Amino acid sequence: MQLRIEHIDDVLPHLPSDVGIVVSDRPEVRIIDYVFTTDATFATAVARECRGLKFAPDGRILARPLHKFFNIGEKQSAGEIDWSQPHVILDKLDGSMIHPCFLGERLTFMTRMGESRQAKAALAQADEAVLRLSRDLLTEGMTPVFEFTSPDHRVVLAYPETSLTLIAVRETVSGTYLSHAELVRLAERYGVPLVAQFGRVDDAMSFIAKGRSLIDVEGYVIAFEDGHRVKLKADAYVLRHRALAGVSKERNLLEWIVKDAIDDVLPLLSDDIAQQVADYRDQVFHAVDQHVMALADFAELHSALSRKEVAIAAREKLDQRLHGALFAMLDGKDAREAVKRLLAWASRSDPRMDSVRGLFSMRWDGADVVVDPE
């Protein structure tokens, strides 16, 4: 059943609280989106629409991108899906969901979060065909949705060329999805790229097994004509996506490094991100080695002193954060492992990270990696 949304007041009274859905009020647009998820975030039909809904300052709905839908087995098992209903299998592209929106008379592109960096890049790359389709459909009360893929805005998979691919069109107020046959006609009429289609599911178990074994693709979206959608992701993609999501948080990255697990992660990353990770690892370990050498020099210089006298000298001449490693070394323990334990302690929280950042000259150049949780 479709959910009619004409005004923001059709949504706000029905939003669950404390589940990650927020309203962002900006000068030209109000956006309802989610910033984190819990088991209760998408428990209702209204909540599932809160994936980047756009409203004018006066509350009128402006654009309605894809609703939240789930992986096969996440909310429905394969056996609970009625595969006899009309549907198509679509390529699941690994980019950013982009949709156009009128802000007053100005046509712009947005992601879920608004006029983001990816949205601005997509608008700059859009040709006249895409812009004309966007203007015409918005004027007719529909929201076209594109996937933006680009070698300059890579998520997990590499695309050699920049493209805005039409993946869906929704009636903005009713939420009705145009059928794939209608999308084909629109794409041909305007001359815009259209998402690839691979027929229908005849044997669900065989389809799922084959889809999960795919390499170098994200997976599939199964789009039913009644608007229901489910997705299937390749196992290899899921693993790489999780690795990238982990890398986006410096604490995770540091933990992998001190546990000597980073070599298992590097092959899962794109070449550019893997190089940034390797550079960060080398930077951290260089600092560790410098501290170990400094501790060894300090211990040798003060070898004739009592432990109490060494402690006094350490307070005067040695960074307090390294005292534990110093005395571990004096007790015959591995100084390098002692310094790494300090980093392991730091990896447990952002404030701890900040407390040792200067000591190890840590700077994560990949900290701006953004992974859409979908």
Side-chain angles (χ1 to χ4, degrees), residues 24 26-35 51-56 61-69 90-140 142-170 172 177-178 183 186-196 217-218 221 223 231 237 241 244 248 270 272-273 368-374:
S24 300
R26 302 178 188 177
E28 296 180 278
V29 63
R30 305 183 73 185
I31 301 172
I32 304 182
D33 192 19
Y34 65 95
V35 293
R51 192 169 180 265
L53 288 172
K54 309 299 190 302
F55 298 89
I61 192 167
L62 296 176
R64 188 171 182 172
L66 302 182
H67 73 286
K68 174 66 178 179
F69 56 96
L90 304 176
D91 188 13
K92 192 172 193 318
L93 297 169
D94 182 37
S96 298
M97 181 184 72
I98 299 287
H99 68 84
C101 184
F102 278 128
L103 298 182
E105 299 297 319
R106 177 170 68 93
L107 176 70
T108 189
F109 280 5
M110 295 188 176
T111 57
R112 281 173 32 211
M113 298 174 284
E115 292 181 282
S116 66
R117 177 171 58 90
Q118 292 89 343
K120 292 176 181 178
L123 182 60
Q125 295 288 335
D127 61 20
E128 186 53 41
V130 168
L131 296 175
R132 186 161 57 91
L133 177 144
S134 297
R135 293 190 191 96
D136 288 353
L137 292 187
L138 287 173
T139 300
E140 294 171 17
M142 291 183 278
T143 303
V145 184
F146 301 91
E147 193 80 0
F148 176 56
T149 52
S150 170
D152 297 326
H153 295 271
R154 179 174 178 172
V155 182
V156 174
L157 303 178
Y159 290 88
E161 298 179 353
T162 297
S163 181
L164 273 164
T165 303
L166 184 65
I167 59 173
V169 175
R170 299 188 78 181
T172 303
Y177 283 88
L178 269 58
L183 293 184
L186 276 173
E188 291 177 347
R189 174 183 168 190
Y190 285 89
V192 301
L194 179 65
V195 62
V217 298
E218 180 173 350
V221 171
K231 55 191 175 184
Y237 176 87
H241 190 276
L244 186 61
S248 69
S270 62
D272 56 338
I273 299 298
D368 62 345
V369 173
V370 177
V371 181
D372 187 343
E374 300 191 344

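Residue numbers start at 1 and run along the sequence shown. In this text the structure is predicted, and so the values were computed from the model without any measurement.
For the atom pair CG (L103) and CG (L62), the distance works out to 7.0 Å, reported to the nearest 0.5 Å. To the nearest 0.5 Å, the span separating CG on L133 from CG on L164 amounts to 11.0 Å.
Taking 4.5 Å as the limit, every side-chain heavy atom of S24 sits out of range of all side-chain heavy atoms of D33. The shortest distance between side-chain heavy atoms of F69 and R51 does not fall below 4.5 Å. At a threshold of 4.5 Å between non-hydrogen side-chain atoms, the residues M110 and H99 count as touching. In this structure, the side chains of L183 and L194 come closer than 4.5 Å at one or more pairs of heavy atoms. Side-chain contact between E147 and V195 is absent, with no heavy atoms from C-beta onward closer than 4.5 Å. Side chains of L107 and F102 form a contact here, defined as non-hydrogen atoms less than 4.5 Å apart. Within the 4.5 Å cutoff, the side chain of K92 has no heavy atoms near those of the Y237 side chain. Counting heavy atoms from C-beta outward, I31 and M113 have side chains that stay 4.5 Å or more apart.
Looking at every heavy atom in both residues, P151 comes nearest to P160 through CG-O, 3.8 Å. The nearest pair of heavy atoms linking V145 to P65 is CG2-CA, 4.0 Å. Closest heavy-atom contact between A63 and P100: CB-O, 3.9 Å. A pairwise comparison of heavy atoms in P193 and S163 identifies CG-OG, 4.1 Å as the closest pair. Across P144 and V169, no two heavy atoms sit closer than the pair CA-CG2, 4.1 Å. What you find for D94 and E218 is that their closest heavy atoms are CA-OE1, 3.2 Å.
Residue pairs meeting the ring pair (Phe, Tyr, Trp, His ring centres under 6.0 Å) criterion with at least one member in residues 143-166, sequence neighbours excluded, are F148-H153. Under the salt bridge (Lys or Arg N to Asp or Glu O under 4.0 Å) criterion, the residue pairs touching residues 102-111 are E28-R106, R106-E115, with sequence neighbours excluded. Screening residues 118-128 for salt bridge (Lys or Arg N to Asp or Glu O under 4.0 Å), with sequence neighbours left out, gives E128-R135.
Partners of D91 according to the side chain to side chain donor-acceptor pair (under 3.5 Å) rule, which considers only residues two or more places apart in sequence or in another chain, do not exist here. Taking the side chain to side chain donor-acceptor pair (under 3.5 Å) definition, one finds that T143 meets it with T172, sequence neighbours left out. Considering only residues two or more places apart in sequence or on other chains, L123 meets the side-chain contact (heavy atoms from CB on, under 4.5 Å) condition with T108, F109, L131.
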Could you give me the CA-CA distance, side-chain angles and deciding distance for H67 and R170, then say whether side chain to side chain contact (heavy atoms under 4.5 Å, CB included) is met?
CA-CA 10 Å; H67 73 286; R170 299 188 78 181; 3.9 Å; yes

Between Y190 and L166, does the side chain to side chain contact (heavy atoms under 4.5 Å, CB included) criterion hold? Intermediate values first, please.
CA-CA 11 Å; Y190 285 89; L166 184 65; over 6 Å; no

Verdict with reasoning, V192 to L186, per side chain to side chain contact (heavy atoms under 4.5 Å, CB included):
CA-CA 8 Å; V192 301; L186 276 173; over 6 Å; no

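Judged by distance alone, the side chain of R112 and the main-chain N or O of Y34 form a donor-acceptor pair under 3.5 Å.
When only modelled atom types and interatomic distance are considered, S116 and T111 share a side-chain donor-acceptor pair under 3.5 Å.
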